[in-house]
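Take a look at the structure below.
Reminder, nothing fancy here: chain letters follow the sequence lines and each chain counts from 1.
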Amino acid sequence: MNEMTTITTTLKDWETDQEVRWCPGCGDYAILKAVQRTLPEIGADPANTVFVSGIGCSSRFPYYVESYGFHTIHGRAPAFATGIKLSNPELDVWLITGDGDGMSIGGNHTMHVIRRNLNCQIMLFNNEIYGLTKGQYSPTSRVGTSSPSTPMGSVDRPALPCAFALGSGARFIARAYDVSKDLSGVLKAAHAHKGAAFIEIFQNCIVYNKDRFDDFTAKANAAGNQLWLTNGEPMLFNKGTQGIALDQESLTLKVVDVIDGDWQSAGVIVHDVTNRSVAHMLVEMPFGPFPMALGVIYDDPRPTYEESVLGQDAKAREGKVADLGKLLAKGQTWTVGE
Amino acid sequence: MNEMTTITTTLKDWETDQEVRWCPGCGDYAILKAVQRTLPEIGADPANTVFVSGIGCSSRFPYYVESYGFHTIHGRAPAFATGIKLSNPELDVWLITGDGDGMSIGGNHTMHVIRRNLNCQIMLFNNEIYGLTKGQYSPTSRVGTSSPSTPMGSVDRPALPCAFALGSGARFIARAYDVSKDLSGVLKAAHAHKGAAFIEIFQNCIVYNKDRFDDFTAKANAAGNQLWLTNGEPMLFNKGTQGIALDQESLTLKVVDVIDGDWQSAGVIVHDVTNRSVAHMLVEMPFGPFPMALGVIYDDPRPTYEESVLGQDAKAREGKVADLGKLLAKGQTWTVGE
Amino acid sequence: MASSVAAADTAPITHTDAPEAVVVRFAGDSGDGMQLTGGQFTLSTALAGNDLATFPDFPAEIRAPQGTLFGVSAFQINFGSTDISTAGDAPDVLVAMNPAALKTNVEALKPGGLIIADTGEFTKRNLEKAKYDSNPIEDGSLSKWDLLAFDISALTIEAVKPFGLGNKEALRCKNMWTLGLALWMFDRDRQPIVDWLNSKFAKKPEIAEANIAALNAGHAYGETAEIAGPLRKLHLDPVQQTPGLYRTITGAEAVSLGLVAGAQLAGLQMFFGGYPITPASAILHNLTKMKEFGVTTFQAEDEIAAICSAIGASYAGHLGVTSSSGPGIALKGEAMGLAVMTELPLVIVNSQRGGPSTGLPTKTEQSDLYQAIYGRNGDTPLPVIAARSPSDAFECAIEACRIAVQFMTPVMLLTDGYIGNAAEPWKVPDPNDYDPFPAKFLTEKNGPDDTLLPYKRDGHGVRPWIKPGTPGLMHRIGGIEKAIDTGNLDYAPTTHQAQTDARKAKVDGVANAVPLQDVSLGNTSGKLAVVGWGSTFGPIHQAVRRARAKGMDVSHIHVRHVWPLPRNLGDLLRSYKKILVPEMNTGQFKTVLRDQFLVDAQPLNKVSGQPFAIAEIEAAIAAFFDNIPDNEGGEVEPNRSQLPSVKAENQ
Amino acid sequence: MASSVAAADTAPITHTDAPEAVVVRFAGDSGDGMQLTGGQFTLSTALAGNDLATFPDFPAEIRAPQGTLFGVSAFQINFGSTDISTAGDAPDVLVAMNPAALKTNVEALKPGGLIIADTGEFTKRNLEKAKYDSNPIEDGSLSKWDLLAFDISALTIEAVKPFGLGNKEALRCKNMWTLGLALWMFDRDRQPIVDWLNSKFAKKPEIAEANIAALNAGHAYGETAEIAGPLRKLHLDPVQQTPGLYRTITGAEAVSLGLVAGAQLAGLQMFFGGYPITPASAILHNLTKMKEFGVTTFQAEDEIAAICSAIGASYAGHLGVTSSSGPGIALKGEAMGLAVMTELPLVIVNSQRGGPSTGLPTKTEQSDLYQAIYGRNGDTPLPVIAARSPSDAFECAIEACRIAVQFMTPVMLLTDGYIGNAAEPWKVPDPNDYDPFPAKFLTEKNGPDDTLLPYKRDGHGVRPWIKPGTPGLMHRIGGIEKAIDTGNLDYAPTTHQAQTDARKAKVDGVANAVPLQDVSLGNTSGKLAVVGWGSTFGPIHQAVRRARAKGMDVSHIHVRHVWPLPRNLGDLLRSYKKILVPEMNTGQFKTVLRDQFLVDAQPLNKVSGQPFAIAEIEAAIAAFFDNIPDNEGGEVEPNRSQLPSVKAENQ
Ligand SMILES: Cc1ncc(C[n+]2csc(CCOP(=O)(O)OP(=O)(O)O)c2C)c(N)n1
Ligand SMILES: Cc1ncc(C[n+]2csc(CCOP(=O)(O)OP(=O)(O)O)c2C)c(N)n1
Ligand code: SF4
Ligand code: SF4
Ligand SMILES: [Mg+2]
Ligand SMILES: [Mg+2]
C-alpha cells in the first residue's frame with residue numbers, strides 16, 4: 001500500500017491490447033478479472049503500478065494488465081521487486097508467481113522478501129502443478145500426483161505455501177481461489193496492509209490438474225468445506241452449524257458442532273488476525289477433517305523494508321553534501337609540488 | 001538414522017590428520033568435539049558416515065572428521081546430500097551448514113530437503129554472522145547488527161531457523177549451543193529420528209560476533225533464560241520456579257511463576273514432542289520476555305524420502321528384467337529384409 | 001538418415017519424373033491434434049520403407065486460444081525413396097486446418113505446391129482472428145499454388161454420425177479424416193493406424209470407432225476422387241536400407257536410451273537429477289519410465305539442486321546425470337566447476353533452445369556452444385559432445401557416459417530443440433555391439449606405506465573413484481585447490497599451477513580416446529570444407545551433396561567432439577582452401593576453430609529459431625564458388641536437383 | 001604507476017650505485033598485524049614521494065592457528081625513485097616475524113637479500129609448527145642471505161613496559177617496533193604514523209602510547225645500530241611526479257569511487273546489489289559508506305538476487321550495479337541474459353580470484369575472461385572492460401557506467417584479487433575533468449499515432465529508457481523475444497533474426513565509442529608485441545622496458561576494452577611479426593585475439609594464484625628473440641637492469 005493519490009479508472013482501463021494466451025477455461029482468467037476489477041476500487045494509478053512476475057503460465061499475468069510490467073526469469077521476481085521498490089518506493093508493486101515459480105526454484109526469494117517485509121502484494125497462483133512446462137508435479141502437488149515426471153505418483157510431502165510464508169516471518173497471510181467471490185476483498189486487504197502481503201490463490205489448471213480443488217470449491221462442497229475468516233467474527237462454517245475451537249487437552253484445533261447458533265458455548269474461536277499462534281494452526285489444519293481456511297488469516301503489520309532502508313539512507317545523507325571531489329581526496333593525502 | 005551394524009570406535013578414531021583451521025576460541029571446536037564424542041556412542045561406522053557441507057567456517061567441519069566428507073559449494077549441501085542418500089541409503093548423512101550457507105543462499109534447499117524428509121541430520125551452526133567472509137551480517141543477525149556491509153546497523157527482520165524449518169514441514173526440530181552439555185544428547189535424538197532432523201546450534205564467532213548468545217549462555221544467565229525441553233516433562237525453567245503455560249484468553253504462551261513446585265496448578269504445559277502447534281509457539285517465543293527453548297522441540301516422524309523414492313523404484317522394477325535390447329526395440333517397429 | 005552417408009554420395013542424382021522425396025506440412029490449431037497426425041503419418045511412412053525426417057513446430061503457449069495466429073501448431077515431414085537427412089526446405093503439400101494455419105504457413109510452400117484447406121473453419125470469426133481481411137480461399141490470393149478447399153469439418157461430422165458424439169467431440173476426429181486422405185495420397189496401409197487407435201482408446205471404444213470411421217472416410221474421399229484436379233495418388237518407393245529391425249526415434253528418446261545404455265555399459269546405476277524446462281523435460285519424462293535399468297530420477301527444486309544432486313550421486317558411486325536447456329544450464333555453471341575440481345564423472349545434457357534469456361523456448365538454436373566450452377569461472381575445461389541427429393544422439397549419449405566414467409570428468413552433451421523433437425527411422429542397435437567400459441572403484445589404499453591418495457593420477461591423469469561406504473578409504477574432497485596425490489587443501493602456487501595443468505592435460509587427452517575426424521561427404525582436401533556440428537548435419541549434408549553433383553569441389557566435415565577437438569582436425573582443415581561454418585548462432589564454433597587452428601573459418605549464421613534450409617547453405621556454397629575469380633569451382637547451374645513439387649510431377 | 005608510461009620509456013636506465021627501487025616483504029602470523037604494518041609503511045613511502053606498488057597476500061582462513069604455515073600473512077611493497085608498476089619480483093628485504101613466515105617466504109628472497117627475523121618466536125614449538133627440523137637461524141641453512149636475527153619480542157616488551165600492558169597485549173606492539181626499524185632503514189618520518197596511532201586508538205590512549213613507544217624503540221634500534229653488518233640506512237629519492245594532490249588507493253576503493261563518479265556523471269542514483277564473497281566484498285563495504293552520493297546498497301540473499309535486484313533498480317530508473325567474484329558471477333549468468341534481452345543498463349563487477357570452483361579465494365587470477373565474454377546461454381553479447389591497476393580501476397568503472405547508460409546494456413568490469421587489494425599512489429582526479437553523460441528517460445510517446453515504442457532503436461541501436469511511474473508510458477517487458485519497436489512477444493523467425501542481429505550490432509558498435517588502441521610502450525609495429533589485459537600491466541610493462549633497454553624490438557599493448565575490441569586492434573596486431581599474450585590463466589584472451597583477428601597470438605600462461613614476476617615475462621621475451629635464427633632481436637645480455645639487492649648496494 002502506498003500513500004499515493006488515488007485516481008479514477010475503470011476495469012477497461014486495466015486491459016491491454018495483448019491477446020490473452022491462457023488455455024480457455026483456465027482459472028487465471030478469473031484472477032485477472034478480479035485484479036482488474038479491484039484496481040479501480042482501490043484508486044490505483046496505472047502509471048504507478050508495477051506487476052512483476054517470474055516464469056510460468058501465471059507469470060504471463062503482467063502482459064494483460066495495463067500498467068508497468070516486468071516478466072522476468074524463473075523464480076526471481078521477489079528480487080526484482082526489491083530493487084524496484086528500493087529505487088522507487090512510490091511504486092505500487094504486485095508480485096505474481098506460481099507454485100513452481102515461487103515455491104520451487106524461487107522459494108528462497110519468497111522467504112527473504114517476506115522476511116524483510118518489502119511492501120508489496122505477493123499473489124501465488126497455486127494450481128499444484130507446473131502448467132507452462134506441461135504438467136509436471138510441483139512442490140505443492142499432493143502425494144500420489146501422477147504427472148509426466150512422476151508416472152507412478154509423486155512421493156514428496158507437499159509444501160504449504162501459507163505455512164512456509166509464516167515460517168519465513170510473514171505479517172500478512174490470506175487465501176482465496178480463482179473464482180471465489182471474495183478474491184477482490186482479499187486483494188484489497190492485502191493492498192491495505194503495509195508490508196509483504198502473501199496471498200495464496202488456488203487456481204484451476206484445467207489442462208493438467210483439472211478441478212483439483214473441487215473438494216472445497218465445487219458448489220456442493222463449498223458450505224461444508226470453506227471456512228471464511230473475518231476479523232472479530234467467530235470461526236463458523238457450514239452455514240453456522242460448525243465451528244473451530246481449541247482442544248484444551250491436546251492444545252490443537254478441533255471442529256465443533258454449533259447448536260442453534262450458540263457458538264460461544266461450543267468454544268468457537270473468534271478470529272483475531274493478529275494472533276500468530278492460531279494462524280499457524282489455521283494454515284496447517286489438515287483438509288478433510290477440517291475445512292479450508294480462506295480469507296485474511298493473519299494481518300499484523302511491522303515496519304517495511306524500504307522504510308527502514310531508505311530511512312537509514314536518508315539519515316546517512318543528513319547534513320552531508322555529496323561532494324565528489326572531497327570523496328576522492330579522502331584519507332591521508334600529500335601534495336607534489338611543481 | 002540407519003539400520004546399520006553398530007561398531008566400536010573412540011573419539012580419537014574420528015579425528016583426522018588435518019590441522020584445524022578455525023580461529024582459536026571459535027565455538028566450532030566445541031561442536032566438533034561433541035560430534036566426535038557422540039559418534040562412538042551411537043555406534044557409527046566411519047566408513048558408512050558422510051559429512052556434507054556448503055561453504056563457510058562451519059562448512060570446513062568435514063575435513064576434521066575421520067569419515068567420508070564432501071565440502072561442496074555455498075548453500076547447496078542439501079542437494080548433494082539428496083543425491084548421495086538416494087544413491088546409497090545405507091550411508092549415514094550429516095549435513096553441516098551455517099546461518100549464511102543454510103538460511104541465505106541455501107534457504108531453498110534447506111526447505112526442500114526438510115519438506116521431502118530426507119533421512120539425515122542437518123546441523124545449522126548459527127553464529128548470526130558470516131564468519132568466513134569476515135563478518136557481514138547474516139539473515140539471522142539481530143536488527144541493528146553493525147557489520148562491514150551494515151555500518152549503521154542492519155534493518156532486516158531476522159529469520160528464525162527453527163520457525164523456517166517448521167514452516168517447511170520439518171518433523172524434527174531441536175536447539176542447542178556450542179558449549180552446552182546437552183548438545184550430544186540432542187545429536188543422538190536427531191540421529192535416532194528417521195527423517196530430516198533439523199538442529200540449530202548457536203555458535204560463538206569470537207572474532208566477528210563475540211558472545212552474542214551470552215544473554216542465555218553465560219553462566220549467570222543460563223538458569224533464568226534456558227528452557228530445556230524434555231518429552232513428557234513440564235516446561236519449567238529457572239530451577240523450577242517458572243514455567244510456560246497457555247494463556248486461554250489470547251491463545252498464546254505466557255511465563256508463569258511456579259510456587260513450591262506445583263506446576264500443575266500454574267498450568268505449565270507438559271512437553272509433547274509431537275505437538276506441532278506448541279512447537280510453533282515455542283520456536284517463536286520472543287527472547288527476553290521468554291526464555292530460549294532448547295533441546296528437542298518437536299519430533300514426530302513420517303516416512304522418509306529415500307524410503308518412498310526407492311520403494312517406488314523397487315516396485316517399478318518388480319518382476320521386470322532389464323533387457324536393454326528390448327528397451328531399444330520398444331514401440332512400433334518394422335523389419336527391412338535382406 | 002538411415003543409409004550411410006558415403007553411399008548417398010556415390011549414388012547418382014536421378015532426374016526422373018517420380019519425385020525422390022516429398023515434403024508435407026500439417027498445420028492447424030494447437031487443439032487440432034496436428035502433432036498426433038504427424039506422428040502417425042511418420043509411422044506409416046516408416047512402415048512403407050521410406051526414409052524420413054520430421055520437424056514439429058509448436059507454440060510456446062500451452063493451449064493458445066482457438067484460431068489465433070500464435071496458436072498454430074505444425075508438423076513437417078520429408079520422406080522419400082532416397083537418403084533423407086532434413087525435414088525439407090519448402091513443403092510440397094500444406095494441410096491447413098484453419099485460416100491461422102494457412103496464414104502462418106503458406107509462404108513456406110513451394111510455388112505450385114498443393115494446399116488442402118478445411119473450408120468449414122474459414123468462418124468470419126476465424127478469418128478475423130487470423131487477421132485476414134478477406135477469405136483467401138475465395139479472393140484469388142493463393143493463385144500461385146494449387147488449392148483444394150472443401151469442408152473437412154462437415155465431412156467428418158457426417159462420417160462419425162453413427163457414433164453419437166457431440167459436435168465438439170466429432171470435430172476432434174478431423175485430424176484422422178485428414179490423415180486418411182494423406183494415407184490415400186501416398187498409397188499407404190491404414191491398418192497400423194487402426195491398430196494404434198484401437199489400443200489408444202481401448203477404454204473408449206466408441207471414440208476409437210469414430211476416429212477409424214473418419215480415417216476411412218478421408219481415405220475414401222481420395223479414392224472416390226470427387227474432385228478432379230490436383231489431388232493425385234503418389235507412390236514413393238522404399239529407400240535402400242540396411243536390413244534389420246527399425247523404429248522411429250526422436251532425439252529426446254535417443255538421449256534417454258543412450259544414457260541408459262551408457263550406464264549399463266559402465267555397469268553403473270544411474271541417478272538423474274532434473275528440473276522441467278522446454279525442450280529438455282522429455283528426457284526426465286522418459287527416464288522415469290526406465291527404473292528397471294537401475295535408473296533413479298529426481299525432480300529437484302531447481303537446476304542447481306538438480307546438478308548438485310547428480311554430483312552427490314556420482315560421489316556416492318552412481319552415474320550422475322543432469323539435463324536442462326540454456327537458462328537452466330546457466331544456473332549449473334558454478335556446480336560444474338565443483339565437478340571439475342573434485343574430478344567426478346557427470347553427464348550434463350543441454351537441449352538447446354532459442355536465446356538469450358527465456359528467448360524462444362520452443363524453437364531450436366545452437367547458441368549455447370560458448371556456454372558449453374567456455375561458460376564457467378576459472379580454468380575449468382570439460383569435454384563437449386554434440387549430436388547431429390535424433391539417432392546420433394543415442395551414440396553420443398553413450399560416448400558422453402564413456403568419457404565421463406573413463407576420465408572422471410563432467411561431460412556436456414549438446415542437442416537442440418530440433419533434434420529433440422524430430423523423428424527419424426532408426427535401425428535398432430544390438431547392445432552387444434558396444435564395448436563395455438566398466439567403472440572401477442578403488443577398494444584398497446593406493447599409496448605407499450598404507451596411505452590413501454585420492455588424487456593420485458594414472459597414466460591418463462585420471463584419479464581413482466572412491467565410494468563412500470568402502471571400509472578404510474575415508475577421505476574428504478571439496479572445491480578448494482588440492483595437493484598432488486593426497487588431495488588435501490593446498491593453496492601453494494606450485495600446486496595450483498600443477499593441478500591446473502593436470503586438469504587441462506586430462507581433458508585435452510580425451511582427444512586421444514576419441515576417433516579421428518572423418519569427412520562426411522567429399523574429399524580430405526580441396527577448395528571448400530563446410531564444417532558443421534550438431535543438428536545442421538542434415539541441411540549441410542544435402543547442400544554439399546547437391547553442390548558436388550553440380551561439380552563443385554566442396555566437402556562436408558561434421559564434428560561430434562567439439563571439445564577437445566579431434567587431434568587430426570587442424571591438419572584436415574588446413575588441407576582445404578576455404579572453410580565455411582554454418583551455425584544456428586552468431587558464429588560460436590567458428591571461434592573455436594579459429595582459436596585452435598588459426599584457420600580462416602568463415603561463419604554462415606542463422607538465428608531465427610528455425611533450422612537451416614538446404615537451399616540457404618547451397619546458396620552460400622554457390623556464392624563462394626561464384627566469388628572465386630576464375631570460377632574454378634564450376635558454374636552454378638539451375639538447380640535441377642531441387643525436388644520438383646507434387647504438382648509438377650502430376651502434370 | 002604515477003608517472004606516464006611514455007615518459008618512463010624514454011628515461012634512460014641508469015646504472016648508478018643507488019638502487020632505483022627496493023622490494024620489502026613483511027611476513028608474519030595472521031595475528032601479527034602484517035597488513036597493518038604494510039599499509040602504514042606504504043603510506044610513509046608515498047609521503048616520502050617514492051612511487052610504489054604493493055601486494056598483500058593473506059590466508060583463506062579467518063584466523064588460522066598461531067604459528068602455522070597456512071596462517072602466514074604477507075605484505076610486499078616495491079618502491080623507488082623511478083616509475084614502479086609492479087609489487088616487484090624477488091624481495092630485497094624480508095621481515096619474518098616467526099618460523100612459519102620465514103619458511104613460506106624466504107625462497108622468494110633475492111640471493112644476498114636481507115632477512116630480519118624475530119628470534120623470540122623461534123621457539124621449539126613454533127619451529128615444529130613450521131615443520132623445521134632444526135632452527136634455520138642457527139643451522140646455517142640461510143647462508144646465501146644476510147641474516148639479522150634478534151629478539152624483537154623481548155625488545156618490544158621492554159619498550160612498552162611503562163604502559164602496564166599484559167604480555168599478550170605488549171606483544172601486539174611488535175609490528176610497530178618492526179615498522180619503526182623499517183622507517184629508520186629507509187629514512188622516513190615517523191610523525192604520520194604517530195598521528196595515525198593517536199587517532200586510531202583515541203579511546204585507548206595507553207595503547208596508542210605503547211605502540212608509539214614500540215615504534216620509536218624500533219627506530220632507535222636502527223639509529224644506535226647495536227649490530228654491525230648488513231643493516232644500513234638507505235635513502236631513495238622521490239620519484240618525478242606530476243604535481244598535484246596524491247593519496248594511495250587500492251583497486252577495491254578505486255572501483256567503488258569510480259562507480260560513484262560514474263553514477264554522478266550519469267546524473268543517476270545508484271543501486272548496488274551484492275552478496276559477500278572474497279575478494280569482492282570490499283566494494284559492498286565501501287559503497288555502503290557512500291550513501292550521501294545517492295547510493296543504496298543491498299546485501300541480497302545470494303548472487304542471483306543481487307543481480308536481479310540491480311536489474312530491477314535499473315528498470316526503475318537507477319543505475320543498477322552488482323559485484324562478485326567467479327563462483328558468484330557464474331550464478332548471475334542467467335539474469336545477465338535478461339538484462340541483455342530487456343536492454344537495461346547494468347554494471348557487473350567481477351573481482352577475479354583463483355578457480356575453478358571455490359579454488360583459491362584469496363589468490364589472484366584472470367581466469368574468468370571466458371566467462372565474461374562467452375559465459376551465457378544464447379547469443380548474449382555484452383561489453384567487457386578490464387582494469388590494469390588499482391588507479392586504472394577508477395577510470396574503468398566510470399567507463400563501464402558510461403557504456404551501460406549510453407548503450408542500455410549490461411557491462412562487465414573485470415578486476416582481480418591483486419588489483420583489488422594492492423595499493424598505489426594516485427593523483428586525485430578533479431571530477432570536473434570528466435565529461436558528464438547524463439541518462440535520458442523517455443517522457444512522451446515516441447511512435448506514430450500516439451503510440452509507445454519501447455524497443456524503437458536510435459541510430460546506435462539503443463532503445464529508450466522508460467521509468468515506471470511515468471504517466472502514459474505503461475508497457476511490459478520481459479525475457480522472451482520481442483517484436484521490433486513495440487517489444488511485444490514475438491517468436492517469428494524474422495523477428496528473432498533481426499533482434500539477434502540488432503543486439504549484436506549494438507554491442508559491436510560500442511567499439512566506435514571507445515578510444516582506439518594505443519601502444520603502452522614501444523612502436524606501432526615491429527618484431528614482437530606483448531599484448532596484455534588487466535593486472536598483468538605492471539610486469540609486462542617492466543619486462544618490455546627492460547627488454548627494450550637491451551635493444552630488443554618489442555612493444556607493449558595493453559587492452560582495456562576486451563569486448564568489443566578496439567576497432568584498430570586487428571590492424572595494429574598484424575603490424576608485428578609475433579604476438580605474445582601473457583595471462584594468469586590457461587590462454588583465454590589469446591582465444592579472443594585469434595578468433596577475431598586470425599593472428600598467431602602465442603600464450604604465456606601462469607596459473608599459480610600469484611602475479612607474474614617481471615623476470616618471467618622478460619625470460620619469455622628473451623626466449624623469443626633467442627629463437628629468431630639470426631638473432632635479429634639482439635643479444636640477450638646479463639640483465640643489468642635487474643635491481644641490485646640491498647646487500648650488493650651496501651658492500
Ligand atoms: C531457469 C528456468 N528453469 C526452468 C524453466 C521452465 N519453467 C518455466 S515455467 C516453470 C514452472 C511453472 O510452474 P508454476 O510456477 O507453478 O506456474 P504455472 O505454469 O503452473 O502457472 C518451469 C519449470 C525456466 N523457464 N527457467
Ligand atoms: C557462490 C558463493 N557466494 C559467496 C561465497 C562467499 N561465502 C563463503 S562463506 C559465506 C558465508 C558464510 O556464512 P555462514 O554460512 O554463516 O558460515 P560461517 O562462516 O559463519 O560459519 C559466503 C558468503 C561463496 N563461497 N560462494
Ligand atoms: S496449462 Fe493450466 S495453468 Fe497454464 S494456461 Fe493452461 S489451464 Fe492455465
Ligand atoms: S571467523 Fe568466527 S566462526 Fe569463523 S572460525 Fe573464526 S571465530 Fe569461528
Ligand atoms: Mg503452477
Ligand atoms: Mg554464520
Side-chain angles (χ1 to χ4, degrees), chain A residues 16 18 21 45-53 55 62-63 65-88 90-91 108-109 111-112 309-310 312-317 320-322 324-325 327-338, chain D residues 43 46-47 49 192 196 241-248 257 260-261 264 269 271 273 290-294 296 298 300-302 304-306 308-318 320 334-335 337-338 428-431 467-480 488-489:
Chain A
T16 63
Q18 300 296 298
R21 298 190 182 193
D45 176 357
N48 252 339
T49 302
V50 185
F51 280 80
V52 184
S53 66
I55 299 285
Y63 291 117
V65 185
E66 183 59 32
S67 66
Y68 284 92
F70 200 174
H71 180 219
T72 67
I73 48 177
H74 197 30
R76 321 296 176 187
F80 290 94
T82 304
I84 293 170
K85 193 80 185 170
L86 288 179
S87 297
N88 185 353
E90 296 308 309
L91 297 173
N108 201 33
H109 310 297
M111 127 129 112
H112 286 283
V309 170
L310 301 178
Q312 199 176 65
D313 283 5
K315 211 168 138 202
R317 287 166 198 162
K320 285 195 196 151
V321 189
L324 190 56
L327 178 72
L328 301 184
K330 234 176 173 174
Q332 270 170 301
T333 56
W334 67 96
T335 306
V336 173
E338 301 285 330
Chain D
L43 180 71
L47 293 176
W196 170 78
Q241 278 173 320
T242 320
L245 187 70
Y246 281 78
R247 55 171 288 192
T248 61
L257 293 174
V260 168
Q264 297 273 311
Q269 309 252 88
F271 176 93
M290 303 182 188
K291 294 189 200 293
E292 66 268 31
F293 293 89
T296 295
F298 170 58
E301 57 270 31
D302 64 13
I304 301 175
C308 292
S309 66
I311 296 173
S314 286
Y315 172 69
H318 281 210
E334 189 205 1
L338 181 70
V428 178
D430 181 344
K467 245 196 278 203
T470 312
L473 301 192
M474 289 82 70
H475 68 289
R476 276 70 45 194
I477 61 172
I480 296 182
N488 289 337
L489 299 201

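Interface check for chain D: of the options A:Thr16, A:Val309, A:Val52, the most heavy-atom pairs under 4.5 Å are formed by A:Thr16. The greatest number of non-hydrogen atom pairs below 4.5 Å with chain A, out of D:Gly478, D:Pro243, D:Gly317, is found for D:Pro243. Ranking D:Ala310, D:Ser309, D:Pro429 against chain A, the residue ahead of the rest is D:Ser309, based on heavy-atom pairs under 4.5 Å. Contacts with chain D were tallied for A:Ser53, A:Ala79, A:Gly69; A:Gly69 has the most, counting heavy-atom pairs under 4.5 Å. Note: A:Leu324 leads A:Thr335, A:Leu324, A:Val321 in heavy-atom pairs under 4.5 Å with chain D. Considering only heavy-atom pairs separated by less than 4.5 Å from chain D, the leading option among A:Leu86, A:Ile55, A:Asn88 is A:Leu86. Contact count versus chain A (heavy atoms, under 4.5 Å) is highest, among D:Gly244, D:Gly49, D:Gly479, for D:Gly244. Ranking D:Leu338, D:Asp430, D:Leu257, D:Ile311 against chain A, the residue ahead of the rest is D:Leu338, based on heavy-atom pairs under 4.5 Å.
The distance from the CD1 atom of A:Ile84 to the CZ atom of D:Phe271 is 10.5 Å, given to the nearest 0.5 Å. Here CZ of D:Phe298 is found 5.0 Å from OG1 of A:Thr82. Values are rounded to the nearest 0.5 Å. To the nearest 0.5 Å, atoms CE (D:Met474) and CG (A:Asn48) are separated by 10.5 Å. Considering CG of A:Leu91 and NZ of D:Lys467, their distance stands at 10.0 Å, rounded to 0.5 Å. The structure places NZ of A:Lys320 at 10.0 Å from NZ of D:Lys291, a figure rounded to the nearest 0.5 Å. With rounding to the nearest 0.5 Å, the separation of CG in D:Leu489 from NE2 in A:His71 is 7.5 Å.
Nearest approach of A:Ser87 to D:Ala316, heavy atoms of both residues: CB-CB, 3.8 Å. Between D:Arg476 and A:Ser67, the closest heavy-atom pair is NH1-O, 2.8 Å. A pairwise comparison of heavy atoms in A:Leu328 and D:Arg247 identifies O-NH1, 2.8 Å as the closest pair. Summarising the geometry of A:Arg317 relative to D:Glu292, their closest heavy-atom pair is CG-CA, 3.3 Å, with the distance given to 0.1 Å. Of all the heavy atoms in D:Cys308 and A:Ile73, the pair that sits closest is SG-CD1, 4.2 Å.
Heavy-atom distances place the side chain of A:Leu310, and not its backbone, under 4.5 Å from chain D. Heavy atoms of D:Tyr315 lying under 4.5 Å from chain A belong exclusively to its side chain. Contact of A:Val65 with chain D is made through the backbone alone, with heavy-atom distances under 4.5 Å. Both the backbone and the side chain of D:Ala261 come within less than 4.5 Å of a heavy atom in chain A. Looking at D:Leu43, only its side chain comes within 4.5 Å of chain A, counting heavy atoms on both sides. Contact annotation for D:Ile477: both backbone and side-chain heavy atoms come within less than 4.5 Å of a heavy atom of chain A.
Annotation: side chain of D:Pro431 is not in contact with side chain of A:Leu327 (no heavy-atom distance under 4.5 Å). A 4.5 Å side-chain heavy-atom check between D:Tyr246 and A:Val336 finds at least one atom pair inside the cut-off. Contact of the D:Thr248 side chain with the A:Trp334 side chain is registered, since non-hydrogen atoms from C-beta on lie closer than 4.5 Å.
In this pair, D:His475 and A:Tyr68 present their aromatic rings perpendicular. The plane angle is above 60°, beyond the 30 to 60° band.
Every residue two or more places apart in sequence or in another chain that forms a side-chain contact (heavy atoms from CB on, under 4.5 Å) with D:Ala306 is listed here: D:Ala300, D:Thr322, D:Lys332.
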